[in-house]
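Right, one structure below, let's go through it.
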Amino acid sequence: MPSPSTGTPWVVLKFGGTSVSQRHRWDTIGRLARKRADDGGGRALVVVSALSGVTNELTAIADGADDGAARVDALVARHRDFVQALDLDPDAVLGERLTALQALLADARAAARMLDWQAEVLAQGELLSSTLGAAYLRSQGLDVGWADARDWLDAIELPNQSEWGRRLSVSCRREADDAWRARFAAQPARLLITQGFIARHGDGGTAVLGRGGSDTSAALFGGLLRARGVEIWTDVPGMFTANPREVPDARLLARLDYAEAQEIATTGAKVLHPRSLGPCRVTGVPMAILDTERPDLPGTRIDGDASEVPGVKAISRRNGIVLVSMETVGMWQSVGFMADIFERFRRHGLSVDLIGSAETNVTVSLDPSENLVSTDVLAKLSEDLSQICRVKVIAPCAAITLVGRGMRSLLHKLSEVWATFGQERVHLISQSSNDLNLTFVIDEADADGLLPELHAQLIESGAMPVADATVFGPSWNEIQFGKPERAPAWWQGDDARERLLTLAQPGTPAYVYHLPTVRARAQALKAVAAVDRRFYAIKANAHPAILRTLEAEGFGLECVSQGEIEHVFDTLPGLAPARVLFTPSFAPHTEYDAAFARGVTVTLDNVEALRRWPETFRGRDLWLRVDLGRGDGHHAKVVTGGAASKFGLPLEAINAFAREVRALGGRITGIHAHLGSGIDHPKHWRGVYAELAAIADGVGTVDTIDLGGGLTIPYKPEDLPFDLEAWAQGLAEIKAAWPRYRLAIEPGRFLVAESGALLVRVTQVVDKLGTRRVGLDGGMNALMRPAMYDAWHGVHNLSRWGDGNEVACDVVGPICESSDVLGLKRKLPAATAPDDVMLVADAGAYGYVMANHYNLRGLPREDVLE
Ligand code: ADP
Ligand code: ASP
Ligand code: MG
């Protein structure tokens, strides 16, 4: 790859619509342009878009909108006002240009909406913005020249391009000779300002580069001038792993190579025009994407030296995709069928994007940003194609694309992504031959709300390697609102640590539960007004002090076995049975009898039990656990929905279940679903509630909807706390839509996980072949989660609290199993040695209750702290 010529004086800065629509941003533009020129000892070229929204208006005018004259008047007024706001004289600065804009309406070509006239209309936005900007910067004392981009960028005709493309979505010549460069440099001012988006057509008229094409103008200038860099200044601080306005958890992509950036741009990330990468790539000019409002943020850097990191980098979405499905008989047998088809697309100047084929069907997609896919064009194409096959046009569709290096080797990590798409009607799946993308085409309406969910799944599954800081930066939310302040854990205070060291004395491993933390979580949930009934899922932690604490906070208790029920009533003898739920899985039927005898609420999830033990269920009120056909959760092993899961009654069996209950003289009074555990996207529950309410409406006798639990906690330092507010708001919205049902929840983890610490002692520290292992006296026997779910728990050396954590160690237990690992590559104090007391954090849920005697090691002790 050629490297940009050293010593080039030029740097190119492109400012988008929002960056040029306010006075203070023009101050920034002036400052940045001067600074960049100074830094390089040279010159800066500023490329600008039209003021925000202006190109939309011009497009409507060019398309012949009825109220074209009124729109022109509004544009004139808007530009005059803005010039006034810049303390300049509108007539002196823009008089001529505004007259030219008005004259275009009266142009002879207007009636027929000739393409050259349309291009000229569209070009006015950039001509206006660059003119007023140059005037303002000069008024601020800057040495700024104005260049007409059409004098420097020449549109070229691509083979088979439609007339529309040749005028309104042009590509430009990428080569220039030294004479061109010399002429450009001969423009006197040190800073130059020119227009994005517009170029000279071969006939001398105006052409435009297509929507968003200003980025490409800047890149073209960058390549032609062999610039030191091209900076795209916009309204977001870089390219993100998804559109941050749709996915607030999207992460900044700090560094990309041209190929990946190209793929992300091409597949829908509007922040960069897809044709802008090429000119920079072939000349080796580095690009950056930066935020005009926050110019000090580092943004995204794109160049040829970025190291190749495998994994999904982004998920993007394109709307307005048109699918053309072509059905024929025996297509593979007929030589040249494909050629016939594509010849017809060529004839209509349409470039095909994705292709899917089956024995008798070929389906292709057309991208509206590359094609004029008007109804007229599609009708003509269909007519033409119908001579050789049956044609069906499916629109509007959305193409959702995962972009990243090595997609093929990631397929095993995408099971949840496939499952999510499994609920939609997928028209086409396409995997690019460069192994950089995987695209799903679905109906546009189905795509709404899907991206945040998919994005979370990509991170959860490890397919998007966000821990790699060379590529992934902070999330949009974090940049907007700062890193969420995580209150220090209860055990971090000096007093608490001293007490824990004392509690470790009698012996480890030992669990310690901090009851004030349990209370605080309980109170946070009690503040969620939409919830009517709260139960604590005691399987998370059945310690009597915790049950008593939560009962006192008004929580009922949810049990999954007869043993748990008995434990609950032993611990709280006076507890009203109405405050106890029994939600077992494949329990022996005698446990149902015992539960009914206790008077607790029983949940059932299959018809078979009703049929086999009618006497058990006769005349009973029951809650029904349904399977909504999908699951969710932090790990495949905690997903509790979908065909592969043993839990829940499938939707198609609900009527049979209801008939059976009625025949036994019973009633279904509650509907319950629990899709999984450790779910961190709060909108999940809102959707579940809506589905359950619809089922409840059908059943008729239901008074309570139980959403289960599943609320997560932030285990890793970079995890965000569960967004209780968003969760509450979602529930409130849906509750308002179905006010007749009482809403129940039954969280476990959320209430107790953070209250628990596991204390263990270091047994041995061993260096083996470059890996340091810190061995503990409790491992998967004391805390099963890491071995079972690859769960992450913080590990801290309490005995050496003040020391730095500088050595990466694998933290392992004493069990004779390779999976007995509590954490990999954890930074611990260098001096960590046998007998040190270590703390494993957030172990209050599914810790002691899952501990075992494996290798005949003893169970951990348990203590509570007030
Ligand atoms: P400009 O007017 O500066 O050219 P654009 O509106 O064309 O700005 O592009 C910036 C917008 O791109 C952002 O406001 C954002 O909504 C959108 N966008 C879509 N996908 C992405 C992404 N992956 N990363 C960053 N921004 C994106
Ligand atoms: N003003 C044009 C548009 O909005 C070009 C651009 O901003 O790149 O599409
Ligand atoms: Mg843009």
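Residue indices begin at 1 and follow the sequence shown. Note that ligands are numbered from 1 as they come in the structure, with each ligand's atoms numbered from 1 the same way.
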State whether a side-chain donor-acceptor pair under 3.5 Å links Arg150 with Thr206. yes
Is a donor from one side chain sitting under 3.5 angstrom from an acceptor on the other, for Gln431 and Arg408? yes
For a quick check under 3.5 Å, do Ser316 and Thr267 share a side-chain donor-acceptor pair by atom type? yes
Rounded to the nearest 0.5 Å, what's the gap from CG on Asp367 to CG on Leu350? Could you check? 11.5 Å
Under 4.0 Å between a side-chain nitrogen and a carboxylate oxygen: does that hold for Asp353 and Arg318? yes
Candidates Arg97, Gln195, His79, Glu96 - the one meeting side-chain hydrogen bond (donor to acceptor under 3.5 Å, both in side chains) with Thr131: Arg97
Taking a 3.5 Å cut-off between nitrogen or oxygen atoms, can you list every pair linking ligand 2 to the protein, with distances?
residue  : atom  : partner : partner atom : Å
ligand 2 : 1 (N) : Thr55   : OG1          : 2.6
ligand 2 : 1 (N) : Glu126  : OE2          : 2.6
ligand 2 : 4 (O) : Thr55   : OG1          : 3.4
ligand 2 : 4 (O) : Arg211  : NH2          : 3.0
ligand 2 : 7 (O) : Ser49   : OG           : 2.9
ligand 2 : 8 (O) : Gly212  : O            : 3.3
ligand 2 : 8 (O) : Gly213  : N            : 3.2
ligand 2 : 8 (O) : Ser214  : N            : 2.7
ligand 2 : 8 (O) : Ser214  : OG           : 2.8
ligand 2 : 9 (O) : Arg211  : NE           : 2.6
ligand 2 : 9 (O) : Arg211  : NH2          : 3.4
ligand 2 : 9 (O) : Gly212  : N            : 2.7

Within the heavy-atom cut-off of under 4.0 Å, ligand 1 is lined by Lys14, Gly16, Gly17, Thr234, Asp235, Val236, Gly238, Met239, Phe240, Ala242, Asn243, Pro244, Arg245, Ala269, Lys270, Val271
Name the orientation class of the two ring planes belonging to Phe440 and Trp418 (parallel below 30°, tilted from 30 to 60°, perpendicular beyond 60°). perpendicular
Regarding Asn437 and Thr439, do their side chains bring together a donor and an acceptor under 3.5 Å, going by distance alone? yes
Would you mind checking if Asp448 and Arg317 are paired as a salt bridge, meaning a charged N to carboxylate O distance below 4.0 Å? yes
